[in-house]
Amino acid sequence: MDIHEYQAKELLSGYGVKIAEGGLAYSPEDAVQRAREIGGNVWVVKAQIHSGARGKAGGIKICKTHDEVEAGAEALLGKKLVTHQTGAAGKVCNRLYIEAGTDIAKELYFCFLVDRISERIVMVGSKEGGMEIEELAETNPDAITKIYIEPAVGLQDFQAREMAFALDLDASLISHAVKTFKGCYRALRDLDANMLEINPLVITKSDELIALDAKMGFDENALFRRQKIAELRDKTQEDPRETAAADRGLSYVGLDGDIGCMINGAGLAMATMDMIKLAGGEPANFLDVGGGASAERTEKAFRLVLADANVKAMLVNIFAGINRCDWIAEGVVQAVRKIDMKVPLIVRLSGTNVEEGRRIIAESGLPIITAETLAEAAEKAVAARNQVVANQGA
C-alpha cells in the first residue's frame, strides 16, 4: 500500500526527520489560505498522486504570489497526470500539498528498501539527488552507495555515519544526518513499511538537512495491526479492480489484455498467463482464488473478472488438491447461471474428483468450453477471444 507525500512527511516528522512547513488543500481557495498561513514569499504547489516523476508531468509548480498559487492549484486539481510510473492511464490529482519554498544548496538521494535476496534492509544513498534512481543506476552506478543492515541489531550509528560520509556531508551535518537516517529506519521498522524514499533530501543554504519529498510503501499483510496506517489508504489512486478484489479477500492484479483468468494458486496462475501468451493471447488479469474456493467465492471471482469491460473470453484453470473439482464445477455452473455470461468461458479442471467435476459441467447444459490440459485450455481461450473480436469487427 502506498501513501501520499504529505502523509509520509507527517509520519517521518514524528521520528525526528525535519520537513518544510506545509499544508493540505482541496481547492484553489484552500491553497491560497495555506500559503498565507505558511508565510514567506515562495511556495511550492505539489500534486498529490501515488507516483514519482511528478515534476516532469507538470505536477509541481513554484509560485511567488498568492495569485500564482491559486492559478497553480486551479491547473492541477482534477488534472490527470501521466508519468512513466502511472502508465498511459495516468492518475487524477484530487488534493494538493502547499509547501514553503526552500533555499537549496545541494540535493541528495536517500532510501530504505527490503532486499529479498539478502533478506535484509538496504540503505541506499547518492550525492546525485532529484533524479530517478533507476536512471542513475543505469548511467552512473558508482554514484550509488548501498549499506546492508543486520535485522537482529538494526541500523547502527557507524553505518549511519558511513552513509553521511558517502554523501559528502560537512562535519557540522553528520550528527543531524545520523539522527535523520536512524529516524527513517525506526519509521520503516515500527510501521511495517517495505520502502521509504526521500528524493531529494536537501541541504539548505542555512546548513539544514530537510526531506523535500517523501514516499513510503507498506506491507499490506501487516495492515491488520497498523490501523492508523490503513486509514491513510487512498483508493482513488488504485486500480478499482484491484481495490474491489482486496475488499473481497481475493488476490488480483489488473493487466492490459482481454482474456480473463480465474485460477487457484499463484504458481499455476503465472504458468497459465505464460501459456496464454505462448498461444498468442494477452491475459487481462492475475487472479488467485486460493485453495478454498467455495461456490460463493467462485461467483465473486467471476463477477470481478467480468467487471473488466476489456475481457472478451474467460479461462478458469483449477488444479484441485485440498479443494475438489466437483465443488469447483458446481461453483462455476452456479456463477454462470446467476451472471448470464456474454463472453466465451473455457474451463480446465484437474486433480481431486476431476471426473465428477467434468461430468457436472458437461451435464449443466451451459455453453462451457472444456479442456483437459493447460496448453489446450490456453489455445481454446485465445481462439474464442479471436472469434469474438472477428464477430465484433463484422
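Worth knowing before you read on, the calculation uses all heavy atoms, side chains too, and leaves out hydrogens, waters and symmetry mates.
The 12-atom threshold is not exceeded at CD1 of I62, counting heavy atoms of other residues, nucleotides or ligands nearer than 6.0 Å. For E10, the CD atom is loosely surrounded, since the number of other residues' heavy atoms within 6.0 Å does not exceed 12. For CG of N386, the number of neighbouring non-hydrogen atoms (other residues, nucleotides, ligands) closer than 6.0 Å is greater than 12. Within 6.0 Å of the CG atom in N41, the count of heavy atoms belonging to other residues, nucleotides or ligands does not exceed 12. The local environment of CD in E37 is crowded, with over 12 non-hydrogen atoms from other residues, nucleotides or ligands closer than 6.0 Å.
Side-chain contact check for L169 versus I174: some heavy-atom pair is nearer than 4.5 Å. At a threshold of 4.5 Å between non-hydrogen side-chain atoms, the residues R324 and I328 do not count as touching. Between L306 and M314, some side-chain heavy-atom pair lies under the 4.5 Å cut-off. Residues H4 and R95 have side chains in contact (heavy-atom distance under 4.5 Å, counting atoms from C-beta outward). Side-chain contact check for D326 versus I360: some heavy-atom pair is nearer than 4.5 Å.
With E70 contributing its side chain and H66 its backbone, the two residues share no donor-acceptor pair below 3.5 Å. The backbone N or O of S172 lies less than 3.5 Å from no partner atom in the side chain of D170, so there is not a single donor-acceptor pair. Under the 3.5 Å distance criterion, the side-chain polar atoms of W43 are left unmatched by any main-chain donor or acceptor of E99. Q7 contributes a side-chain N or O that, together with a main-chain N or O of L232, makes up a donor-acceptor pair within less than 3.5 Å. Side chain of E119 to main chain of R116: no donor-acceptor pair is present (N/O by atom type, distance under 3.5 Å, no hydrogens or angles). Judged purely by atom type and a 3.5 angstrom limit, R358 uses its side chain to pair as donor or acceptor with the backbone of L349. Formation of a donor-acceptor pair under 3.5 Å by the K312 side chain with backbone atoms of V389 is not found in this model. Judged by distance alone, the side chain of N353 and the main-chain N or O of C325 form no donor-acceptor pair under 3.5 Å. The main-chain N or O of I104 is never found under 3.5 Å from a side-chain atom of T102 such that the two would form a donor-acceptor pair. Listed for the Q237 side chain is a donor-acceptor partner under 3.5 Å among the backbone atoms of V92.
Here the shortest heavy-atom pairing between Y185 and G154 reads OH-CA, 3.4 Å. Contact between A35 and I98 at its shortest, heavy atoms only, is N-CG2, 4.3 Å. Nearest heavy atoms, L81 versus A47: CD1-CB, 3.6 Å. In this structure, I19 and S13 approach most closely via the heavy-atom pair CD1-CB, 4.0 Å. The minimum heavy-atom distance between T83 and A53, with the atom names listed, is CG2-O, 3.6 Å. Taking both residues in full, the closest heavy atoms of V17 and C184 are given as CG2-SG, 3.8 Å, listed atom of the first, atom of the second, then distance.
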message: ring pair (Phe, Tyr, Trp, His ring centres under 6.0 Å), that's the test. Do Y252 and F286 meet it? Break it down for me.
response: CA-CA 5 Å; Y252 180 101; F286 167 101; 8.6 Å; no

message: Before you tell me yes or no, could you show the steps for E197 and Y109 under side-chain hydrogen bond (donor to acceptor under 3.5 Å, both in side chains), namely the whole-Å CA-CA distance, both residues' side-chain angles and the distance that decides it to 0.1 Å?
response: CA-CA 8 Å; E197 181 185 66; Y109 177 90; 2.6 Å; yes

- request: For salt bridge (charged side-chain N to carboxylate O under 4.0 Å, His left out), just list the numbers for R120 and E150, CA-CA rounded to whole Å, side-chain angles, deciding distance to a tenth of an Å, and then say yes or no.
  value: CA-CA 6 Å; R120 297 181 181 185; E150 174 59 49; 3.3 Å; yes

task: Check step by step if side chain to side chain contact (heavy atoms under 4.5 Å, CB included) holds for T180 and K18.
output: CA-CA 8 Å; T180 298; K18 190 172 181 60; 6.0 Å; no

- request: Decide yes or no on side chain to side chain contact (heavy atoms under 4.5 Å, CB included) for F319 and I263, but give the supporting numbers first.
  value: CA-CA 8 Å; F319 182 87; I263 304 150; over 6 Å; no

query: Can V289 and M262 be said to form a side chain to side chain contact (heavy atoms under 4.5 Å, CB included), step by step?
result: CA-CA 7 Å; V289 295; M262 190 189 90; 3.5 Å; yes

field: Verdict with supporting geometry, I259 and V311, side chain to side chain contact (heavy atoms under 4.5 Å, CB included)
entry: CA-CA 5 Å; I259 298 177; V311 170; over 6 Å; no

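Partner of K106 under the side-chain contact (heavy atoms from CB on, under 4.5 Å) criterion, out of I203, L209, L201: I203 alone. Of the residues H50, K46, K215, the one that meets the side chain to side chain donor-acceptor pair (under 3.5 Å) test with E5 is K46. Remark: of the listed residues F110, Y15, F112, F110 is the sole one forming a ring-ring contact (aromatic ring centres under 6.0 Å, His included) with F181.
A distance of 12.5 Å separates CG of D219 from CD1 of I229, quoted to the nearest 0.5 Å. To the nearest 0.5 Å, atom CE of residue M195 and atom CG of residue L113 are 7.0 Å apart. Interatomic distance, CG of N310 versus CG of N285, reported as 11.0 Å (0.5 Å rounding). For the atom pair Q33 CD and I38 CD1, the distance stands at 10.5 Å (nearest 0.5 Å). L287 contributes atom CG, which lies 11.0 Å from atom CG of L255 (distance to the nearest 0.5 angstrom).
With respect to the salt-bridge test (charged N to carboxylate O, under 4.0 angstrom), the residues E355 and R359 do not qualify. Residues R233 and E220 are paired through a salt bridge, judged by an N-O separation under 4.0 Å between the basic side chain and the carboxylate. Here D192 pairs with R225 in a salt bridge; the nearest charged N to carboxylate O distance falls below 4.0 Å. Ion pair E282/R385 not flagged as a salt bridge, since none of the NZ, NE, NH1 or NH2 atoms sits closer than 4.0 Å to an Asp/Glu carboxylate oxygen. A salt bridge does not link K9 with D213: none of the charged nitrogens is closer than 4.0 Å to a carboxylate oxygen. A salt bridge between K146 and D115 is absent, with no side-chain N of the basic residue lying under 4.0 Å from a carboxylate O of the acidic one.
There is a side-chain donor-acceptor pair under 3.5 Å between N317 and T272. Of the N and O atoms on the side chains of R34 and Y97, not one donor lies less than 3.5 Å from an acceptor on the other residue.
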